[in-house]
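One structure below.
Computed over heavy atoms, backbone and side chain alike; hydrogens, waters and symmetry mates excluded. Only a predicted model underlies this, so the values are computations on that prediction, with no experimental measurement involved. When a residue number appears, it is its place in the shown sequence, counting from 1.
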Amino acid sequence: MSKLFSIGEVLIDFIPEQKGVALKDVISFERAPGGAPANVAAAVAKFGLESSMITKLGHDAFGDFLIEQLTKAGVETEKISRTKEANTGLAFVSLKENGERDFSFYRKPSADLLLSRKEIDEKWFSEGDILHFCSVDLVESPMKEAHRTAVQYVKKNGGLVSFDPNVRLPLWESATDCRNAIHEFLPHAHIVKVSDEELEFITGIHDVDEAIQSMFVGDVQAVVYTKGAAGADLYVRDTKWESSGYKIEVQDTTGAGDAFIGGFLFKLLEAEATLENLVNELQEHHKEILQFANASGALTASGKGAISALPNKKQVLELMGRD
């Protein structure tokens, strides 16, 4: 069976124990494993398929904790290297009353940014595998070059590439730098996931359908447009399929989008999708794929944290009414 590879940041999310309080006023935090690529890898593993994390962590207690938590979630950690040159990344989060977040990151640099292209091995990847990445680790660093190399190797070996820009402006010198990096890597992805909060920032276009169509550049075959509780739309060039979300009580939206794309990619791996049959697979099974992804995101938002709140396949199917 094919495998999901995630490359990028793995970090500690410090989640406040008080909701609706500004970050400066939070009194106490609860630590949780996180980092968008790691969340996606954990989702796929918890749903029952193989996933592997490619990154670098510090030789510190937080790095030990993350290895332990990823292993517990079923994620392969053999491709995670360690360093004494930098610490494991940290993110402090404040939660608004509606579960939305505000971030403060500690990583200048963090260990993940030190992963180099020479540490990526072409032999890791096989036909049908999927490589997933986000924009947080596309800042100028050795890790950016590691991303380029991983994308190149996956494509060379017949795999698919998935990109979720996952915009986090506080991590960039400027909004322009963030946008430029996204535009640089966008044409190299086959599948792009973008949220309603990010679309206009990335494209500069207000009209949703027009903005989505502008993302079909280079190798892009499909764009998934997520709308939070309202569900998601899937675009394949000029074809669009809509889906509705699931009504749940939101506790914390951290990781919900990652659980969504994790569910989406899980269904593609389960179907043994390849570049040759990707569009046909989406056309034939878009309803079930989007339902599974929406249910994955909803259940995660109903819990606290990211990896710790991820559901298993049985729970997702129960919400879908498919138990």
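Judged by distance alone, the side chains of S195 and E198 do bring a donor and an acceptor atom under 3.5 Å apart. D121 and Y153 share no side-chain donor-acceptor pair at under 3.5 Å. Under 3.5 Å, the side chains of T149 and Q152 contain no donor-acceptor pair of N or O atoms. For the residue pair S2 and E272, no side-chain donor N or O sits within less than 3.5 Å of a side-chain acceptor on the partner. Inspection of the H190 and Q221 side chains reveals no N or O donor paired with an N or O acceptor under 3.5 Å. No side-chain donor from either of S135 and N166 sits under 3.5 Å from a side-chain acceptor of the other. Under the 3.5 Å distance criterion, with hydrogens and angles disregarded, a donor-acceptor pair is assigned to the side chains of D60 and T88.
Taking every heavy atom of both residues into account, I7 and H147 meet most closely at O-NE2, 3.6 Å. Nearest heavy atoms, S308 versus A32: OG-CB, 4.4 Å. A pairwise comparison of heavy atoms in A41 and M53 identifies CB-SD, 4.4 Å as the closest pair. The minimum heavy-atom distance between D112 and M143, with the atom names listed, is O-CE, 3.2 Å. In terms of heavy-atom proximity, L310 sits nearest to A43 at CD1-N, 3.5 Å. In plain terms, the two heavy atoms of F201 and A175 that are nearest each other are CZ-O, 3.5 Å.
Counting only distance, with no hydrogens or angles, the side chain of N312 and the backbone of K314 share a donor-acceptor pair below 3.5 Å. The main-chain N or O of S116 is found under 3.5 Å from a side-chain atom of E119 such that the two form a donor-acceptor pair. A donor-acceptor pair under 3.5 Å is formed between the side chain of N294 and the backbone N or O of S244. The main-chain N or O of I80 is never found under 3.5 Å from a side-chain atom of T77 such that the two would form a donor-acceptor pair. For the pair S141 (side chain) and V139 (backbone), a donor-acceptor distance under 3.5 Å is present. With D207 contributing its side chain and E210 its backbone, the two residues share a donor-acceptor pair below 3.5 Å. Here the side chain of E85 pairs no donor or acceptor atom with the backbone of A111 at under 3.5 angstrom.
When side chains are defined from C-beta on, L4 counts as touching V40, because their heavy atoms get closer than 4.5 Å. With contacts defined as side-chain heavy-atom distances shorter than 4.5 Å, the pair V208/D196 does not qualify. Residues Y246 and M320 are in side-chain contact: their nearest non-hydrogen atoms beyond the backbone lie under 4.5 Å apart. Side-chain contact between F14 and L90 is present, with heavy atoms from C-beta onward closer than 4.5 Å. The side-chain heavy atoms of S110 and L11, taken from C-beta on, include no pair separated by under 4.5 Å. The closest side-chain heavy-atom distance from Q213 to Y235 is below 4.5 Å. With a 4.5 Å cut-off on side-chain heavy atoms, R117 and R148 do not count as touching. Here the side chains of F65 and I12 are in contact, with some heavy-atom distance below 4.5 Å.
The structure places CG of L160 at 5.5 Å from CD1 of I130, a figure rounded to the nearest 0.5 Å. Rounding to the nearest 0.5 Å places CD1 of I54 at 5.0 Å from CH2 of W124. Rounded to the nearest 0.5 angstrom, E184 CD and L186 CG are separated by 11.0 Å. The OG atom of S126 sits 6.5 Å away from the CG atom of N157 when rounded to the nearest 0.5 Å. From L265, atom CG reaches atom NZ of K193 across 11.0 Å, with rounding to the nearest 0.5 Å. Annotation: the span from L171 atom CG to L138 atom CG amounts to 11.5 Å, rounded to 0.5 Å.
There is no path of hydrophobic side-chain contacts, each under 4.5 Å, that joins L114 to V136. Hydrophobic cluster membership is shared by L199 and V217, with clusters built from Ile, Leu, Val, Met, Phe, Trp and Tyr side chains linked at under 4.5 angstrom. Under a hydrophobic-cluster definition in which Ile, Leu, Val, Met, Phe, Trp and Tyr are linked whenever side-chain heavy atoms come within less than 4.5 Å, directly or via other members, L278 and V236 are assigned to the same cluster.
Between F92 and F29, the ring planes are perpendicular. Angles over 60° get that label, and only those under 30° would be called parallel. Ring orientation note: the planes of W241 and H286 are close to parallel, at an angle under 30° on the 30°/60° scale. Using cut-offs of 30° and 60° for the angle between ring planes, the F264 and F260 rings count as parallel.
Scanning for side chain to side chain donor-acceptor pair (under 3.5 Å) contacts around S162 gives H132, with sequence neighbours left out. Shown here are the side chain to side chain donor-acceptor pair (under 3.5 Å) partners of N180, two or more places apart in sequence or in another chain: there are none. Among residues two or more places apart in sequence or in another chain, the side chain to side chain donor-acceptor pair (under 3.5 Å) test is passed with K313 by E270. By the ring-ring contact (aromatic ring centres under 6.0 Å, His included) test, F163 is found to be paired with F133, residues two or more places apart in sequence or in another chain being considered. Under the rule for a side chain to side chain donor-acceptor pair (under 3.5 Å), the partners of E76 that lie at least two apart in sequence or sit in another chain are K3, S52, K79.
Ion pairing between a basic and an acidic side chain is recognised when a charged N comes within 4.0 Å of a carboxylate O; E9 and R107 show no such pairing. Ionic pairing of D137 and K144 is not present here: no N-O contact between side-chain nitrogen and carboxylate oxygen is shorter than 4.0 angstrom.
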**Message:** Run the side chain to side chain contact (heavy atoms under 4.5 Å, CB included) test on M1 and L49 for me, step by step, so that the C-alpha distance in whole Å, both residues' side-chain angles and the decisive distance to 0.1 Å come before the verdict.
**Reply:** CA-CA 8 Å; M1 180 65 74; L49 292 181; 3.9 Å; yes
**Message:** Set out, in order, the CA-CA distance, both residues' side-chain angles and the distance that settles side-chain hydrogen bond (donor to acceptor under 3.5 Å, both in side chains) for S302 and E249, then state yes or no.
**Reply:** CA-CA 6 Å; S302 68; E249 185 177 339; over 6 Å; no
**Request:** List the steps, then state whether side-chain hydrogen bond (donor to acceptor under 3.5 Å, both in side chains) holds for E68 with T71.
**Result:** CA-CA 5 Å; E68 183 182 283; T71 301; over 6 Å; no
**Request:** Just do the side chain to side chain contact (heavy atoms under 4.5 Å, CB included) check on R179 and V167 with the steps written out, would you?
**Result:** CA-CA 9 Å; R179 190 182 295 108; V167 175; over 6 Å; no
**Request:** Kindly determine whether I212 and I205 satisfy side chain to side chain contact (heavy atoms under 4.5 Å, CB included), including the steps that lead there.
**Result:** CA-CA 9 Å; I212 294 289; I205 300 170; over 6 Å; no
**Request:** Decide side chain to side chain contact (heavy atoms under 4.5 Å, CB included) for V192 and V224; before the verdict, give the C-alpha distance in whole Å, the side-chain angles of both, and the deciding distance to 0.1 Å.
**Result:** CA-CA 6 Å; V192 178; V224 192; over 6 Å; no
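Within the structure, the side-chain hydrogen bond (donor to acceptor under 3.5 Å, both in side chains) test picks out the following pairs touching residues 31-40 (sequence neighbours left out): N39-D258.
Each of V161, V44, V154, L131 was checked for a side chain to side chain contact (heavy atoms under 4.5 Å, CB included) with F5, and the lone residue meeting it is L131.
Heavy-atom neighbours of E127 CD from other residues, nucleotides or ligands within 6.0 Å: at or below the threshold of 12.
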